[in-house]
Protein chains: 2
Amino acid sequence: MDEPPERLTTKPSWLISQLAVYVRRLAFEGFAAAGARGYHYRILAALHEFGPASQAELGRRCRVDRSDVVAAVGELAGRGFVERTPDPGHGRRNRVTLTEDGLRQLRRMDEVLDRVQDDLLGPLSAEDRQTLTRLLGRVLAHHEPH
Amino acid sequence: MDEPPERLTTKPSWLISQLAVYVRRLAFEGFAAAGARGYHYRILAALHEFGPASQAELGRRCRVDRSDVVAAVGELAGRGFVERTPDPGHGRRNRVTLTEDGLRQLRRMDEVLDRVQDDLLGPLSAEDRQTLTRLLGRVLAHHEPH
DNA sequence: CCCTAGTGTTGGTCCCACCAACATCGGGTC
DNA sequence: GACCCGATGTTGGTGGGACCAACACTAGGG
């Protein structure tokens, strides 16, 4: 494979972007077997960790736009992984709940992602992995508040 | 801002993906002022570093699909940043050349990206930046060959 | 009571990554 | 020289992810 310009390969922004491409491809291929995609995992994970939630809350937690939550929850509900019921007492709000099947789907996707992490960080020692994760976490956390 | 599920925040794949979102947004906003986008920078950078090239070679170097190179080179040519001429002696191949205006555009985009790196790695010390860049580079290099 | 903030929903945009198919040309082999 | 293979340019399409604007509706505070 031809080498990219040095202008790119020395920039952290390029490294992150290109690695993200790799991550997306690995996750996409893994999720495809389960007929799922990234948004589904985020939402299932949030429901499992924080319990039933409104769509707006799911969007905020998962960094997904409200309008995209509508579609994703619709897809999940269509396959029985999630139940969307009107919030009693709160006219407009919905209450999204994780089902048993949804929990099983979440576990399947967890296994996929575990393999993705191993594949991704393959060349690094356990110590380097920890260092990398810590640094990435610090950088992301710094930009998260806003 | 609500916190995302721990299932996500502890995974390197999530950290990289979310940071990539941040990077893209920063770069997009910066490039917008110059009426450009990411593919343009990659191509201009390759032309500057390696000289005139065919579209296929640009695609390989910049990790851009052949068909997308067509569009990007067309846009760059339309604004005079690049010249697309048939390769003499090589019937089908094109020869893409960087112009003076193109070089100026490249320098503008360089400044934008320099600011992006600073913004991105703001919270890290010079030493941590180097460590992070080195680790990311190693991981990417490991997955690059193929 | 009104006004604001929050919610669900529709419908669209953009960038990036990728694929299939086709016509065309080059360079090799037989 | 005829033939096939691979590379090239191009068209057109797909999909995921991240957005934005607008609307209808509700809850709650001033």
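Nothing here was measured: the structure is a model prediction, and the numbers come from that model. Values below: every heavy atom of this structure, side chains too, minus hydrogens, waters and symmetry copies. Lettering of chains follows the sequences in order, A, B, ..., and the numbering in each one begins at 1.
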Heavy-atom count around B:Q117 CD within 6.0 Å, excluding the residue itself: above 12?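 Atom CD in B:Q117 is packed in, count exceeds 12.
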
Counting only N and O atoms by type, is there a donor-acceptor contact under 3.5 Å from the side chain of [X] to the main-chain atoms of [Y]?
| X | Y | result |
| --- | --- | --- |
| B:T133 | A:P12 | no |
| B:E3 | A:R61 | no |
| A:R95 | A:R93 | no |
| B:Q130 | B:A126 | no |

Check whether the side chains of B:D110 and B:Y41 place a donor and an acceptor atom closer than 3.5 Å, and report yes or no.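 There is such a pair (donor and acceptor under 3.5 Å, judged by atom type) between the side chains of B:D110 and B:Y41.
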
Quick check: on DNA chain D, is the nucleotide nearest A:G38 upstream (toward 5') of the one nearest B:R95, or the reverse? Name the residue that is more 5'.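 Going by which nucleotide is closer to the 5' end, it is B:R95.
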
Quick check on DNA chain D: between B:R66 and A:R63, whose nearest nucleotide comes earlier from the 5' end?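 Here B:R66 is the residue nearer the 5' end.
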
Decide yes or no, distance alone: a donor-acceptor N/O pair under 3.5 angstrom between the base of [N] and the side-chain of [X].
| X | N | answer |
| --- | --- | --- |
| B:R92 | D:dT8 | yes |
| B:S17 | D:dG17 | no |
| A:R37 | D:dG16 | no |

How would you label the contact of B:E57 with the nucleic acid (heavy atoms, under 4.0 Å): base, sugar-phosphate, or nothing?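 Answer is nothing: B:E57 stays at 4.0 Å or more from every strand.
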
Pick base, sugar-phosphate or nothing for A:D65, based on heavy-atom distances below 4.0 Å to the nucleic acid.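 Base, at least one base heavy atom under 4.0 Å.
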
With a cut-off of less than 4.0 Å, is there a side-chain N or O of B:R25 near OP1 or OP2 of D:dA18?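 It does not, given that no N or O in the side chain of B:R25 lies less than 4.0 Å from OP1 or OP2 of D:dA18.
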
So does B:Q55 get a side-chain nitrogen or oxygen closer than 4.0 Å to the phosphate oxygens (OP1/OP2) of D:dA7?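 Looking at the OP1 and OP2 atoms of D:dA7, neither is under 4.0 Å from any side-chain N or O of B:Q55.
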
Segment of DNA chain C, first to last nucleotide, that comes within the 4.0 Å heavy-atom reach of chain A: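 Listing 5' to 3', DNA chain C meets chain A from C:dG6 to C:dC18.
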
Rounded to the nearest Å, what distance is computed from the CG atom of residue B:L26 to the C1' atom of nucleotide D:dC19?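 My rounded result for the distance is 15 Å.
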
